[in-house]
Amino acid sequence: LAVRGFSHFFLQPQEIQSFWQQKDYKSFGPEVQTFDGVDYSRAPAIQECPVQSAICEHEVEDSTIVIKGYAYSGGCRGIVRVDVSIDDGKIWHAATLKQVPQDC
């Protein structure tokens, strides 16, 4: 292990008790409408960016719907699959992915 710019560092068996680690770097599902009374200790701290994605445009070509968008993940891990539904989640289809080279 090589670390530059530090004279000391500590490895701990649990996450640090700072405000940011305990109350800010957390993620909750859509069922959480307000943060009043939320038990932050039940959610692990986010260590890397979760997968982010968006549909940017769509068009209909004959009987085909072409959907264009993006997806990326943290930790320099690639996206391996994107599923798309056009009927509120009843049927899902695997998207065709264009891989962008990553320089990690």
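Note that the structure is predicted; figures quoted are calculated from it, not measured. All residue numbers in this chain count up from 1 along the given sequence.
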Contact summary for V82 and I79, nearest pair of heavy atoms: CG2-CG2, 3.7 Å

Gap between atom CD1 of I86 and atom CD1 of I65 - 0.5 Å precision: 4.0 Å

Counterpart residues, ring pair (Phe, Tyr, Trp, His ring centres under 6.0 Å), relative to Y70 (two or more places apart): none

Pairs where residues 83-97 contributes a residue and the test side-chain hydrogen bond (donor to acceptor under 3.5 Å, both in side chains) is met, not counting sequence neighbours: R81-D83, S85-D87

Same cluster (ILVMFWY, side-chain, under 4.5 Å), V66 and L97: no

Euclidean distance, E57 CD relative to I67 CD1, rounded to 0.5 Å: 11.0 Å

Side-chain (D39) to main-chain (S41) donor-acceptor, under 3.5 angstrom: yes

